[in-house]
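Down below is the structure, laid out as structure tokens.
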Amino acid sequence: MKKSSKKRESSFDSFNPLENKTVILGVSGGIAAYKACDIASLLRRSGANVHAVLTPNAREFITPLSLTTITRNPAHCEQYGQSSNWRPEHIELAKSADLILIAPATADLIAKLATGICDDLLTTMVLASQAKVMIAPAMNPVMLQHPATQYNLSVLENRYRYDIIPSEYGEVACGDWGSGKMAAVETIITAVAARLLAHKTLATKRLIVTAGGTREPIDPVRFIGNRSSGKMGIAMADAAFARGAEVTLVSTVEVERAYPVVVVETAQEMQEAVESEFDLCDALVMTAAVADFRPMAVANHKIKKTDSDDLVLELTKNPDIIDLLGRVKRKDQVIIGFAAESEALLSNATQKLKRKNLDVIVGNDISVPEIGFGSDDNAVVILSAEGTRENLPRMPKRAIAEHLCDVLSERFQMLEKAPV
Ligand code: PMT
């Protein structure tokens, strides 16, 4: 008997899909807190490194010792406890997390997350982290249906970082019936695993990503350029590569990467590089700021100062790379464009989406300081050809890129299901 149970455990333990993933399991104070032990156990046995963080109220329902034993890591409770490390515990935990799962999430905890209140270790750690947060609400059905709770949930739902694992219908601990029962442990683990393994979704895809601003020479020393730093495009290429895509970055900015980087200067060079790979690619993501015009003629020598107060430069139109490729793209290819707008963001981006036959356009308002050109952050609106619209508030460009990878994998799934 003993022998067979040992065998069963070892074969289960040899399957570690969540190996190298760190999950912070937040537990707040509701009766469903006792299920945190099962969640912690399944996560750990799937290979994840699990750290439990309990709110003070959670300790009324479950002991830190149980979670320490099950996770094989010390459970964390005290915001101001002694730490062996110089870095505050909430920062240490925040930085280590690949994902934060809060199960159960009470009405009180959801309200704190929605408003940014951080008065204990768990809420402070969530605020200090940039990791994805998944929450499994659990509460009395009347509390769940209360407009305040519904509002707080809708606030979180609209934030890119949060995924809500809906509660289920059934009899809750107090004997009432309705929606409010925490989702089944298996449902929660499946959702967490799907999120953590999402990176594999671009594994068989080939992507071209463009980055930076083109430079259109006037003479050997001068050019017409723009303020694009390439950060958005490089973040996009990095994120897609990390999810297993075969990436070619066509960039005006030189970077060293494990994937091919084709360095170009002008719009025409960018066009040539993109077009030479376009047939073979599954998706093109044009974050580059391409000059619409270039000098008609490039002077062979540095243009000298003359007695005249004026210098007239004659310009000619550059090819619109994305527009040309939008016309010839196959049904199984996806094109994502960006729109840098200083006014009428929505209507201008929508027009570009339609005019250039794009699948998706990512609009950013470049009149807002600290986002867009050159900055580490961006805030965007994502519009699709089907008419959907999603706003992503200010966040690091890498987080925007991760979200665009989700958008891409969803579109690929859609294409695979579409009738030929
Ligand atoms: O590089 P960063 O400093 O990180 O800044 C990021 C960014 C602000 C440059 C980026 O987020 C962005 O908005 N990129 C698009 C800038 C732009 O040129 O927008 P547009 O509205 O002019 O062009 C619309 C689309 O057509 C873009 O996908 C562009 O790449 C493409 N285009 C434009 C002109 C042209 N001749 N050929 C093109 O393919």
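Worth saying up front: this structure is predicted, and the values here are computed from it rather than measured.
The list of side-chain hydrogen bond (donor to acceptor under 3.5 Å, both in side chains) pairs with a residue in residues 100-114, not counting sequence neighbours, reads D108-K112, K112-D119.
Inter-residue side-chain proximity for E269 and E272 is flagged as unmet; no heavy-atom pair is nearer than 4.5 Å. Residues L408 and M236 have side chains in contact (heavy-atom distance under 4.5 Å, counting atoms from C-beta outward). Side-chain contact between L122 and L54: absent, with no pair of heavy atoms (C-beta onward) separated by less than 4.5 Å. With contacts defined as side-chain heavy-atom distances shorter than 4.5 Å, the pair M232/F338 qualifies.
When atom types are taken as modelled, the side chain of R161 and the backbone of S129 share a donor-acceptor pair closer than 3.5 angstrom. For the pair N364 (side chain) and A339 (backbone), a donor-acceptor distance under 3.5 Å is present. Checking side-chain atoms of N318 against main-chain N and O of A291 turns up a donor-acceptor pair under 3.5 Å. Not one N or O on the side chain of D38 forms a donor-acceptor pair closer than 3.5 Å with the backbone of V185.
Checking E216 against T266 by side-chain atom types alone, no donor-acceptor pair falls below 3.5 Å.
Paired with D377 under the rule salt bridge (charged side-chain N to carboxylate O under 4.0 Å, His left out), one option of R398, R394, K231 passes, and it is R394.
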Distance-only donor-acceptor pairs under 3.5 Å for side chains of residues 278-287, two or more places apart:
| residue | atom | partner | partner atom | Å |
| --- | --- | --- | --- | --- |
| D282 | OD2 | R206 | N | 2.7 |
| T287 | OG1 | T210 | O | 2.6 |
| T287 | OG1 | G233 | N | 3.3 |

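To the nearest 0.5 Å, atom OG1 of residue T316 and atom CG of residue D292 are 12.0 Å apart.
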